[in-house]
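Whatever order the structure lists ligands and atoms in, that order sets their numbers, starting from 1. All of these numbers come straight from a predicted model, not from anything done at the bench.
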Amino acid sequence: MCNHGGFRSSAGLHETLALLTSQLHPDANHDQDLLFLKDVFSERSLAYLMKIHDKLKLYEKHSPAPVLHSASCLAEDLAEELHSGPMESDERELLHLLNTPHLKAVLSAHDTVAQKNFDPVLPPLPEDLEEELEEESVKIVRLVKNKEPLGATIRRDEVTGAVIVARIMRGGAADRSGLVHVGDELREVNGNLIIHKRPDEISQILSQSQGSITLKIIPATAEEDKLKESRVYLRALFDYTPFEDKATPCQEAGLPFRRGDILQVVSQDDAIWWQAKKVGDCNLRAALVPSTQFQERRLRYRRKMGTYPTAVSPKTAACLRRSFRLRKDRQAGSPVDPRTPDSPQTDFLIYEEVTRYQTRRGERSRLIVLIGSLGARINELKQKVIAENPRHYGLAVPHTTRQRKTHEREGVEYHFITKSSFELDVQHNKFIEFGEYKDNLYGTSLESIRSVLDRNKVCLVDLHAEVSAYAKALKSLRTAEFKPYVVFVRPRVPSSHCRRLGSTSSLSTSVTEDDLEEMRQSAEQMDDLHGHWVDYVLVKEEPAGALQELQSVLERVASEPHWVPVSWVRT
Ligand code: 5GP
């Protein structure tokens, strides 16, 4: 635009536009084009755009750089944290501000700019490149970058002299394109062969190219890719729903999982959001899961603020208290030192690192631990498994302080010991669990388990302890020595509706609706408290079917690999 008629070259676009408009004097009758132009120039929105442009020009001089790329997430995080606790008036005001649509829009615009999500769409590749693409290993990559560096470092292979991509910077142009990978061999940049160039010359070519940049690449071999693949597998100990997680940088990119799922973590580059895939899932794309550190941090925070759901749901806690009462009423005693459901939980249940494990020839077999909710009758089930194959399966013989009955033999039904030696054994932590029944003490010792395993048998243990003391018992058994496989047996409890319709069930008809409700709650409570350590849930319909199912599970434990904590295998 020429500089005449009073326009100052230094004037901003907005001012220039205003001056131009004021100097247009179209004759309404003769000059339709000028009239149209004046109308366009007088448009308010155009004036606003020009103003924005001028403001941005001013800031361009300072070359501002974003401090973070996800201000919206930070704001949501903050809002969530504010929400979860009592608020002062200024915190309430901040929460209100953070929730206003305008501020949200500004932060979202900020993130779009910071993440440079406005890259142009690339033109199609020139046709003459197609022949080269026929060569199976060559890949032509076009990506867009501005003045920033490519975001990749290179090294020269000492043996072949090839230029290899050594590292990809997260969030850089190469990373954002998703087309360049560590181990790729770089052949050409914008048509220039680089094999004979020095690394600093290559870096210069790379950093100087702007806009669309074309790289000719020989992709890393599949072997290298496999080596790079992470071998970290985690068992999830909690349920995760990305759509309920306000802190995630992108809910759609989250990986929903359930307690017990095995996750393969493919990237832990980010300290907060790991990338993972679900084992057995046909979706090959990795998605985001919270890191252990982050999950622990927010659980710790929620616990501090009193919004953390305790180890048991309120319903289960109520049910547990009721169950204690019922058992106390029925039995002459309750276990010494039961862990109450309200006692503080020290470890958060997040993930457990696992690996595939199969018992090898000559190795001790894995310990089989049976836990059962009310009505499961696991003792009966265990006895049947052993009775059908006593050479293969053995039972950990419990200790008791009660009198031996005439038909009983020492070391077969029980080890009969005195109360004082029982108490001494308790002091020496010899029992995995113990309890009191009609003024007599009963308990299962670690030694009795070892003696079965030493005879090369598969040892079956059922926990007699109160449900609340299971955690302690399971903890003492979850070691490399025993490698326990935990089976949770729960009876199938028909719904009241089905019962009214007269559906068949193995449960006696004398069982009342209250009994059924108690069984349902017992199973729920067991699942709530210990479900995360369970390897197999057996829903018991009728005894014969349950026995058959348990036997086939036990065969699979011996003959197939299963996921176990890495600490049981790596020494
Ligand atoms: P009995 O004296 O009739 O053989 O057994 C009485 C009760 O003692 C059984 O109902 C069973 O629940 C309990 N009991 C048997 N063995 C053990 C054990 O090892 N630990 C605990 N806590 N209770 C046991």
Side-chain angles (χ1 to χ4, degrees), residues 320 323-340 367-387 393-453 457 459-477 482 484 486-491 515 518-519 522-523 525-526 529-530 540 543:
L320 257 179
S323 162
F324 285 152
R325 265 201 324 274
L326 287 171
R327 277 163 202 247
K328 273 189 184 167
D329 293 347
R330 280 197 205 131
Q331 296 192 352
S334 63
V336 189
D337 182 30
R339 240 179 89 163
T340 69
L367 176 67
I368 306 298
V369 178
L370 300 176
I371 61 175
S373 55
L374 205 63
R377 305 172 74 123
I378 44 173
N379 188 36
E380 186 185 286
L381 202 56
K382 179 186 72 179
Q383 298 288 0
K384 278 190 189 150
V385 171
I386 294 168
Y393 296 107
L395 161 79
V397 179
H399 286 64
T400 182
T401 60
R402 82 152 161 74
Q403 284 292 312
R404 186 169 69 83
K405 293 176 187 161
T406 47
H407 67 276
E408 290 176 335
R409 286 156 300 163
E410 160 60 35
V412 177
E413 286 82 8
Y414 290 104
H415 294 292
F416 298 95
I417 57 171
T418 61
K419 197 162 182 177
S420 57
S421 66
F422 194 104
E423 281 165 355
L424 204 65
D425 285 353
V426 170
Q427 274 176 26
H428 289 122
N429 281 325
K430 291 199 172 171
F431 295 115
I432 54 164
E433 63 76 33
F434 59 93
E436 200 174 314
Y437 180 76
K438 291 193 178 163
D439 288 339
N440 292 311
L441 294 166
Y442 294 81
T444 308
S445 72
L446 287 167
E447 269 325 304
S448 64
I449 295 174
R450 287 191 184 112
S451 83
V452 179
L453 294 172
K457 288 190 179 186
C459 181
L460 270 64
V461 181
D462 59 333
L463 295 184
H464 291 264
E466 288 288 359
V467 168
S468 57
Y470 272 25
K472 204 170 156 215
L474 283 174
K475 200 171 174 192
S476 61
L477 292 175
F482 297 121
V486 182
V487 181
F488 168 29
V489 186
R490 55 188 296 173
D515 293 333
E518 207 188 325
M519 282 160 95
S522 157
Q525 140 197 348
M526 184 75 92
L529 286 169
H530 309 295
K540 188 175 167 190

### Query
What class does the angle between the rings of Tyr470 and His530 fall in, given that below 30° is parallel, 30 to 60° is tilted and above 60° is perpendicular?
tilted
### Message
For the 3.5 Å polar cut-off, considering only N or O atoms, please tell me whether Glu408 and ligand 1 meet it.
### Response
no
### Task
Return yes when atom CZ of Arg377 has more than 12 non-hydrogen atoms of other residues, nucleotides or ligands closer than 6.0 Å, and no otherwise.
no
### Query
For atom 2 (O) of ligand 1, which candidate among Tyr437, Tyr414, Phe431, Tyr442 holds the nearest heavy atom?
Tyr442
### Where ligand 1 meets Gly435 - atom numbers and elements under 4.0 angstrom, heavy-atom basis
22 (N)
#### Entry: Atom indices of ligand 1 within 4.0 angstrom of Phe434 heavy atoms, with elements
22 (N)
### Query
Which atoms from ligand 1 have a heavy atom of Glu433 less than 4.0 Å away?
18 (C), 19 (O), 20 (N), 21 (C), 22 (N)
### Query
So, for Tyr442 and Tyr414, is the gap between ring centers shorter than 6.0 Å?
yes
### Query
Checking side-chain hydrogen bond (donor to acceptor under 3.5 Å, both in side chains) for the pair Thr418/Ser421: CA distance, chi angles, key distance, verdict?
CA-CA 5 Å; Thr418 61; Ser421 66; 3.1 Å; yes
### Task
Would you please indicate yes or no on a ring centroid separation below 6.0 angstrom for His399 and Phe434?
no
### Message
I need the contact type for Lys438 against ligand 1. Using non-hydrogen atoms and a strict under-4.0 Å cut-off, is it side chain, backbone, both or neither?
### Response
neither
### Task
List the steps and the verdict of side chain to side chain contact (heavy atoms under 4.5 Å, CB included) for Leu460 and Leu395.
CA-CA 5 Å; Leu460 270 64; Leu395 161 79; 5.7 Å; no
### Where ligand 1 meets Arg402 - atom numbers and elements under 4.0 angstrom, heavy-atom basis
1 (P), 2 (O), 4 (O)
